[in-house]
Amino acid sequence: MSAMISRPKGTEDRLPAETGKWLQVEKVLRDISERFNYREIRTPIFEHTELFTRTVGETTDIVEKEMYTFKDRAGRSLTLRPEGTAPVGRAYIENGLHSGPQPVKVYYIGPMFRYEKPQAGRYREFVQYGAELLGSSSPLCDAEVIFLAIEICNTLGLTETTLHLNSIGCPGCREGYRKALTEYLGAREADLCDDCRRRLGRNPLRVLDCKNETCRAILAGAPSMFDYLCAGCKEHFETLGKLLTGMGMTYRIDPSLVRGLDYYTRTVFEVKWPPLGAQDAILGGGRYDGLVEALGGPSVPGVGFAIGLERLLMAVEKGKNPPQGWERLDCFVCYVDDALACGALEIANRLRAAGVRADFDQLGRSLKAQMKQASRYEARYAVLLGPEEAARGVATVRSMDEGWQREVRLERMEEEMLSLRQR
RNA sequence: GUGGAUGUAGCUCAGUCGGCUAGAGCGCCAGGUUGUGGCCCUGGAGGUCGGGGGUUCAAGUCCCCUCAUUCACCCCA
């Protein structure tokens, strides 16, 4: 045997035993999205690197150290997408969706890639579901998108979630706040942790969510973003709050919620599910009014969020109605000697054509072993085909659950299995 | 990038103070029943003890290095 090749760090094989659960969760996501009138969009897995450096931000962790960037054979710099919003913005412009009816409401499900050190709930290849609403700056949209997110969680049985909400203002008022914060922190620079001293020069807002104790103490007296919000941003935030409350939703205003992507404006939010442990944010999102323009399109606002499906699935499995993810086989066709293998294949194929989930032995095993296999597939029924029955044009149908068995004419087999399956 | 934990059969794990040919349960294959699954019984296959080096008469066990996995920090989904 040659040396074994293992999967790359931070990736996962999804085996048949679990893909059923994924399909179930994905189906819920699609159904709810369509009900909210979001349509699926599929964009490339890789994009020009600049798409992300321009929108996500040069100083963010994602761009600084987490991107899978490579040169193709023609020397172009490409990047495996680390997130889904910028590609949607690009596609929106490139396909002229801004010239069609607004708003544009889309969702996606697909793999994202970030070069991080893996741990529980964090992978280098992970799957995100995302919903994006472009073309309106109304807080109604923020509210709808957040409601959609919570609706997904509730439908999947995740009721103990907490919604964290904040406003980071527009570029205008954020600049004022940034100055004030930089000034305040600059005066206390010596007491900040190493990380925060570095952040101070590059991206001072990031100091806000530092967990270091002394940094937190310093931040307690720091100026608050809320005092610097312009009239428009303030009104937007307050209206959103009223809308959420009106929909019966509870949320926590969390001034430390900053989010690690530069394109966010005004609303940012996160939904956490504490039982998950360290990586307990199952979804996050916000408003991005400058994104489309930054990509060379018209000035079009947008708002959206993304769910990490691995985390969502971990939570759902710990939650109230975990997906079972395995469907029983309807019928396993057994044959008594090799000469009848062809007959078994024919019966199985006829059942399949009739819509019955059917299989038969392909290893030439003993009848006993075939029955065992039928058990392993959790088949509801076994069909036994022996020489005597074959000669008489019948086969034995056995209920694997109840143990009874009876003869059925071969030409009636589809009909019989279909009606048995109804029970 | 930093720190901790763990690497023994397909899976979950025992393996004492360094000492025979490295074990169990589950799973897999076969037989017990020449045409019948689950339960039970019997047998079988399956291991470079992550890899490399060192100490020793002797290493799964001790030491060093390395790789991988995992958890946490950072950050995020």
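Computed from a prediction, not measured in an experiment: that's the story for all the values here. What you see below is based on every heavy atom in this structure, not just the backbone, and it leaves out hydrogens, waters and symmetry mates. Lettering of chains follows the sequences in order, A, B, ..., and the numbering in each one begins at 1.
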Distance below 4.0 Å between A:Lys117 side-chain N/O and B:rU2 OP1 or OP2: no
Across the strands shown, which category fits A:Lys372 at heavy-atom distances under 4.0 angstrom: base, sugar-phosphate, nothing? sugar-phosphate
Partner nucleotide of B:rA22 by Watson-Crick or wobble geometry (both distances under 3.5 Å): none
Using the P atom on both, measure B:rG38 against B:rG27 and round to a whole Å. 11 Å
Classify the nucleic acid contact of A:Glu116 as base, sugar-phosphate or nothing, counting any heavy atom under 4.0 Å across all strands shown. base
Distance between P atoms of B:rA9 and B:rA22 (Å, rounded): 14 Å
Return the value, rounded to whole Å, for the distance between atom CG of A:Asp337 and atom C1' of B:rG35. 10 Å
Take atom P in B:rU21 and the same atom in B:rU33, then report the distance between them in whole Å. 39 Å
Mind calculating the distance between CZ (A:Arg398) and P (B:rG38) to the nearest angstrom? 10 Å
Which value, in whole Å, describes the distance between the P atoms of nucleotides B:rG44 and B:rG3? 49 Å
Just checking, is any N or O donor in the side chain of A:Thr59 or A:Glu64 under 3.5 Å from an acceptor N or O on the other one? no
Taking only side-chain nitrogens and oxygens of A:Arg376, does any of them come within less than 4.0 Å of OP1 or OP2 of B:rC29? yes
For nucleotides B:rU6 and B:rC64, find the distance between their P atoms and express it as a whole number of Å. 14 Å
Specify the residue among A:Ala306 and A:Glu12 whose closest nucleotide of RNA chain B lies further upstream toward the 5′ end. A:Glu12
Separation of A:Leu276 atom CG from B:rC71 atom P, in whole Å? 12 Å
Please name the nucleotide paired to B:rC28 by Watson-Crick or G-U wobble geometry with both distances under 3.5 Å, or report none. B:rG44
Tell me whether the side-chain N/O atoms of A:Gln119 come closer than 4.0 Å to OP1 or OP2 in B:rC71. no
G-U wobble or Watson-Crick pairing nucleotide for B:rU36 (cut-off 3.5 Å, both distances): none
Please confirm whether the ring centroid of A:Tyr68 lies under 6.0 Å from the ring centroid of A:Phe46. no
Between A:Lys65 and A:Gly285, the residue closer to the 5' end of RNA chain B by nearest nucleotide is A:Lys65
When all nucleic acid strands are considered with a 4.0 Å heavy-atom cut-off, which category describes A:Leu384: base, sugar-phosphate, or nothing? base
Answer yes when A:Arg124 and A:Glu116 have at least one side-chain N-carboxylate O distance shorter than 4.0 Å, and no when they do not. no
For B:rC49, what is the paired nucleotide under Watson-Crick or G-U wobble rules, both distances under 3.5 Å? none
Nucleotide paired to B:rA14 in any strand shown, Watson-Crick or G-U, under 3.5 Å: none
Base, sugar-phosphate or nothing for A:Ala374? Non-hydrogen atoms, less than 4.0 Å. nothing
What integer number of Å spans the C1' atoms of B:rG15 and B:rG47? 14 Å
Starting from P on B:rC41, measure out to NZ on A:Lys368 and report it in whole angstrom. 13 Å
Taking the minimum atom-to-atom distance to the side chain of A:Arg311, which one of B:rG38, B:rC76, B:rG35 wins? B:rC76
Minimum heavy-atom separation for A:Ser77 to A:Thr69, with atom names? OG-CG2, 3.5 Å
Any donor-acceptor N/O pair under 3.5 Å between B:rG35 base and A:Glu389 side chain: yes
Rounded to the nearest 0.5 Å, what separation is found between the CZ atom of A:Arg266 and the SG atom of A:Cys170? 6.0 Å
Base partner of B:rG7, which must satisfy Watson-Crick or wobble distances under 3.5 Å: B:rC67
Let's see if you can work this out: which of B:rG31, B:rU36, B:rA72 has an atom nearest to the side-chain heavy atoms of A:Ala278? B:rA72
Are A:Arg122 and B:rA72 close enough that a side-chain N or O sits under 4.0 Å from OP1 or OP2? no
To the nearest Å, how far apart are A:Arg365 CZ and B:rC29 C1'? 9 Å
Please report the distance separating the P of B:rU16 from the corresponding atom of B:rC57, rounded so that it comes out in whole Å. 22 Å
Whole-Å distance between B:rU70 P and A:Glu310 CD? 13 Å
Distance-only donor-acceptor test (3.5 Å): side chain A:Gln405, base B:rU36: yes
Is it the case that B:rG38 (base atoms only) and A:Ser375 (side chain only) share a donor and an acceptor within less than 3.5 Å, ignoring hydrogens and angles? no
Suppose we call two aromatic rings close when their centres sit under 6.0 Å apart. Are A:Tyr107 and A:Tyr38 close by that rule? no
If I pick the C1' atom on B:rC20 and the same atom on B:rU2, what distance separates them, to the nearest angstrom? 46 Å
What does A:Glu388 touch in the nucleic acid at a heavy-atom separation under 4.0 angstrom: a base, only the sugar-phosphate, or nothing? base
Figure out the CD/P separation between A:Glu18 and B:rC11, and round it to whole Å. 15 Å
Sugar-phosphate only, base, or nothing, as touched by A:Leu261 at under 4.0 Å among non-hydrogen atoms: sugar-phosphate
I need the CD-P distance between A:Gln279 and B:rC73, as an integer number of Å. 7 Å
Under a 3.5 Å distance rule, please check whether A:Arg287 uses its side chain to pair with a backbone N or O of A:Val268 as donor and acceptor. no
Watson-Crick/G-U partner (both atom distances under 3.5 Å) of B:rA58: none
Which of A:Val303, A:Val271, A:Leu163 passes side chain to side chain contact (heavy atoms under 4.5 Å, CB included) with A:Ile146? It is A:Leu163
Say whether, by atom type as modelled, one donor and one acceptor occur between the side chain of A:Glu310 and the main chain of A:Val127 under 3.5 angstrom. yes
Searching all strands shown, indicate the nucleotide that pairs with B:rC73 (Watson-Crick or G-U wobble; both distances under 3.5 Å). B:rG1
